[in-house]
Amino acid sequence: MHLSKFLTENKNYNHNLKKYDYNDLSKVISAISYSAIEISKIIYSPQSKDLGRVTGVQNSDGDFTKSLDLKADEIIKQKLKNNYVKWYASEEEEEILMLNDAGSFALCVDPLDGSSNIETNAPIGTIFGLYTANSNPLNSILQKGENLISSGFFIYGPRTIFVLTLGKGTVAFQLSDSNEFILINKNIKIPNNTSEFSINSSNYNSWPNGIKEYIEICLDGENGSYEKKYNMRWVGSLVADAFRILVRGGVFLYPQDNRKGYEKGRLRLVYEANPVSYLIEQARGVSINGINPILSLKPKTLHERIPLIFGSKDEISKIKKIMEK
Ligand code: F6P
């Protein structure tokens with residue numbers, strides 16, 4: 001089934017349906033998918049050699065952006081400017097932009113996630129979340145993740161994949177040769193149990209004690225209190241690590257740590273943690289900041305960071321138990 005047909009057939013999915021016109025929502029999601037097709041074409045083109053080139057521009061976090069970060073942001077803005085998005089908040093923009101005063105949606109977007117991987121040909125992606133908009137830009141964007149009406153991400157990898165939720169389950173599409181997103185999984189379910197964890201272990205010395213304790217038990221394998229051998233995977237692109245967990249289970253941990261600038265974690269609540277957590281929870285997984293559900297947290301600022309731990313339900317319970325001690 002094509003994305004367009006899926007969007008037409010799943011009108012009744014959304015809990016917030018009365019607050020906006022569903023046809024407008026479908027148009028916004030389609031426009032985001034056209035942006036992703038354009039971004040993927042740039043990535044797959046041998047002519048686009050210097051996409052990983054560091055620009056002189058610093059983003060809101062003080063990181064130097066790469067040429068593809070800025071291109072992706074421009075493409076999404078262009079595709080949506082005549083659409084139904086009123087407020088546009090991007091990881092690449094300092095402030096919230098107004099795209100269409102008459103629009104009913106507020107869009108949060110990480111145009112190019114995993115940009116440290118661009119030149120290595122590892123998967124990278126685009127992440128978005130959609131809320132209903134009101135007249136105030138900050139109120140529209142700084143909402144709890146539980147108010148999301150839709151979220152999704154695209155992975156530009158060996159295959160271009162689109163993972164989407166409209167608030168009732170999580171589904172995945174794959175981009176075909178004829179540039180159509182075709183449904184490949186209509187009901188993603190994360191297994192409750194896992195023996196695979198995902199963390200950047202180079203930060204071990206800076207982690208909080210609870211995270212050290214959990215990972216040490218995993219490393220003890222059959223001799224540890226969980227009595228099983230664990231495997232480890234870390235792509236370093238949130239979209240790729242999240243998709244693996246959606247497909248076969250696992251846990252992802254990017255905790256706060258005591259390096260300078262990482263006291264609240266690394267990932268952005270508005271552009272990364274909320275949209276991904278909505279997809280994970282809609283696929284029966286769990287997503288927390290260590291203690292509380294990510295989706296229950298109200299962002300205070302546009303670019304704030306948050307510790308992010310998500311994945312298979314039973315494994316997250318173990319981590320939570322340790323973190324609560
Ligand atoms: O936020 C960008 C990001 O590249 C994520 O996609 C990824 O999970 C994380 O940062 C990787 O961080 P690190 O380079 O510290 O392992």
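Counting starts at 1 for both ligands and their atoms, in listed order. Below, all heavy atoms of this structure are taken into account, side chains as well, without hydrogens, waters or symmetry copies. Since the model is a prediction, treat every value here as computed from it, not as a measurement.
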Applying a heavy-atom cut-off of 4.0 Å, say which part of Asn117 lies close to ligand 1: side chain, backbone, both or neither. neither
To which protein heavy atom is [atom] closest, and what is the distance rounded to 0.1 Å?
atom: atom 15 (O) of ligand 1; result: Tyr254 OH, 2.6 Å
atom: atom 9 (C) of ligand 1; result: Arg266 NE, 3.6 Å
atom: atom 11 (C) of ligand 1; result: Gly236 O, 3.7 Å
atom: atom 1 (O) of ligand 1; result: Glu272 OE2, 2.8 Å
atom: atom 5 (C) of ligand 1; result: Leu238 N, 3.6 Å
atom: atom 16 (O) of ligand 1; result: Asn200 ND2, 2.8 Å

Side-chain donor/acceptor pairs under 3.5 Å, residues 98-107, sequence neighbours excluded:
from, atom 1, to, atom 2, distance (Å)
Asn100, OD1, Ala102, N, 2.9
Asn100, ND2, Asn83, O, 2.5
Asp101, OD1, Lys86, NZ, 2.9

Using the six-membered ring of Tyr262, assess whether NZ or CZ of Arg259 lies under 6.0 Å from its centre and within 45 degrees of the ring axis.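 That pair qualifies as a cation-pi contact.
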Hey, is Lys300 close enough to Glu304 for a salt bridge, meaning N to O under 4.0 Å? no
Do Glu324 and Lys320 sit within salt-bridge range, that is, some charged N less than 4.0 Å from a carboxylate O?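 Lys320 and Glu324: salt-bridged.
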Is it the case that the side chains of Thr126 and Tyr156 hold a donor-acceptor pair, with the cut-off being a distance below 3.5 Å and no angle test? yes
Check: Glu92/Tyr271 side-chain N/O donor and acceptor closer than 3.5 Å: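 No, no side-chain donor-acceptor pair sits under 3.5 Å.
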Trp234 N/O to ligand 1 N/O under 3.5 Å: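 N/O-N/O distance under 3.5 Å: yes.
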Do any nitrogen or oxygen atoms of Arg268 come within less than 3.5 Å of a nitrogen or oxygen of ligand 1? yes
Go through ligand 1 atom by atom and flag the ones less than 4.0 Å from a non-hydrogen atom of [X].
X: Ser237; value: 6 (O)
X: Asp113; value: 1 (O), 2 (C), 5 (C), 6 (O)
X: Leu267; value: 1 (O), 5 (C)
X: Gly114; value: 4 (O), 6 (O)

For a 4.5 angstrom cut-off between non-hydrogen side-chain atoms, does Phe310 reach Val276? yes
Restricting to salt bridge (Lys or Arg N to Asp or Glu O under 4.0 Å), what partner residues turn up for Glu38, sequence neighbours left out? Lys79
May I ask you to decide if the ring planes of Phe162 and Phe181 are parallel, tilted or perpendicular, using 30° and 60° as cut-offs? perpendicular
